[in-house]
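Beneath this line is the structure, given in structure tokens, with notes to follow.
Chain letters run A, B, ... following the sequence lines, proteins first and then strands; every chain starts at 1.
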Amino acid sequence: TQLLEQSPQFLSIQEGENLTVYCNSSSVFSSLQWYRQEPGEGPVLLVTVVTGGEVKKLKRLTFQFGDARKDSSLHITAAQPGDTGLYLCAGAAGGATNKLIFGTGTLLAVQP
Amino acid sequence: GEEVAQTPKHLVRGEGQKAKLYCAPIKGHSYVFWYQQVLKNEFKFLISFQNENVFDETGMPKERFSAKCLPNSPCSLEIQATKLEDSAVYFCASSYTEAFFGQGTRLTVV
């Protein structure tokens, strides 16, 4: 069974602080997506990483895919209250045809 | 459409009643997925379709759950004889290369 463990599970920080969320598995994924979900809404896709070692930046968010394509990290610089939400990593064994295996989630609260 | 549209947003059913959820995928996306999000934010895969054909149903409970994606109609997920443990948010996603999710249907079984 493929599992994706995220850490930390909960994170409460002050505006302006930096943070890193980790997503780890013993399985290899062909691609990994990061989503953010707000209460009462569906997950919104932030980024997809497909190549081992790949780094992608989205404004203050930096995503990295591990060399072995088993793990990933999300780093947020100078967090803002608008970053508050549930962050989910999700791995796919194949392409668009395959189901996503979701991580356990990281609930982030950024206090003003 | 440009977004995955799920209806209804909320659904309340008495135990034993039927529940039917609908999903209109993004135009041009040939893959549709259903997921169930339960307590502690856990996402469970239920079933996927390639156009109107079932692609992967390994997550579907064998009893009471069924799903369809018929041409020119929204996809649907139906639960016969709902149980308390079916209470969850059900998400539909459609995909061409990446999966985009709808806003979900919150099913409450009382």
**Item:** Interatomic spacing from CD in E98(B) to OG1 in T48(A) - rounded to 0.5 Å
**Value:** 3.5 Å

**Asked** According to a 4.5 Å side-chain heavy-atom criterion applied to Ile, Leu, Val, Met, Phe, Trp and Tyr, with indirect links allowed, do I47(B) and F100(B) form part of one hydrophobic cluster?
**Response** no

**Prompt:** Looking at OG of S95(B) and CG of L100(A), how far apart are the two atoms once the value is rounded to the nearest 0.5 Å?
**Reply:** 8.0 Å

**Asked** Do I79(B) and L84(B) belong to the same hydrophobic cluster, where Ile, Leu, Val, Met, Phe, Trp and Tyr are linked whenever their side-chain heavy atoms lie under 4.5 Å apart, directly or via other members?
**Response** yes

**Prompt:** Given a strict heavy-atom distance threshold of 4.5 Å, which part of Q6(B) is in contact with chain A: side chain, backbone, both, or neither?
**Reply:** neither

**Request:** Report, as yes or no, whether the 6.0 Å neighbourhood of atom CD on Q9(A) holds more than 12 heavy atoms from other residues, nucleotides or ligands.
**Result:** no

**Request:** Could you tell me whether R106(B) atom CZ has more than 12 heavy atoms of other residues or ligands within 6.0 Å of it?
**Result:** no

**Request:** Please answer: with hydrophobic residues joined when any side-chain heavy atoms are less than 4.5 Å apart, are L77(B) and Y31(B) in the same cluster?
**Result:** no

**Request:** Check whether Q37(A) gets within reach of chain B through its side chain, its backbone, both or neither, counting any heavy atom under 4.5 Å.
**Result:** side chain

**Message:** I need the residue from K44(B), Q103(B), K9(B) with the largest number of non-hydrogen atom pairs under 4.5 Å to chain A.
**Reply:** Q103(B)

**Message:** Please classify the contact between T58(B) and chain A as side chain, backbone, both or neither, with a heavy-atom cut-off of under 4.5 Å.
**Reply:** side chain

**Request:** Take atom OH of Y22(A) as the centre, draw a 6.0 Å sphere, and report whether it contains more than 12 heavy atoms from other residues, nucleotides or ligands.
**Result:** no

**Asked** From L4(A) CG over to F43(B) CZ, what is the distance, rounded to the nearest 0.5 angstrom?
**Response** 13.0 Å

**Item:** For chain A, the option from S48(B), S30(B), A99(B) that forms the most heavy-atom pairs under 4.5 Å
**Value:** A99(B)

**Message:** A quick test of your reading: do over 12 heavy atoms of other residues, nucleotides or ligands sit less than 6.0 Å from CD of E85(B)?
**Reply:** yes

**Prompt:** What part of L88(A) is in contact with chain B, defined as an atom under 4.5 angstrom from a non-hydrogen atom: side chain, backbone, both or neither?
**Reply:** side chain

**Complete:** Between F91(B) and E41(A), the two heavy atoms sitting closest are CZ-O, 3.6 Å

**Asked** Can you check whether F101(B) and Y35(A) have ring centres sitting under 6.0 Å from each other?
**Response** yes

**Asked** Are V54(B) and F45(B) connected, step by step, through hydrophobic side chains (Ile, Leu, Val, Met, Phe, Trp, Tyr) whose heavy atoms are closer than 4.5 Å?
**Response** no

**Message:** So does K99(A) get a backbone contact from the side chain of Y35(B), meaning a donor-acceptor N/O pair under 3.5 Å?
**Reply:** no

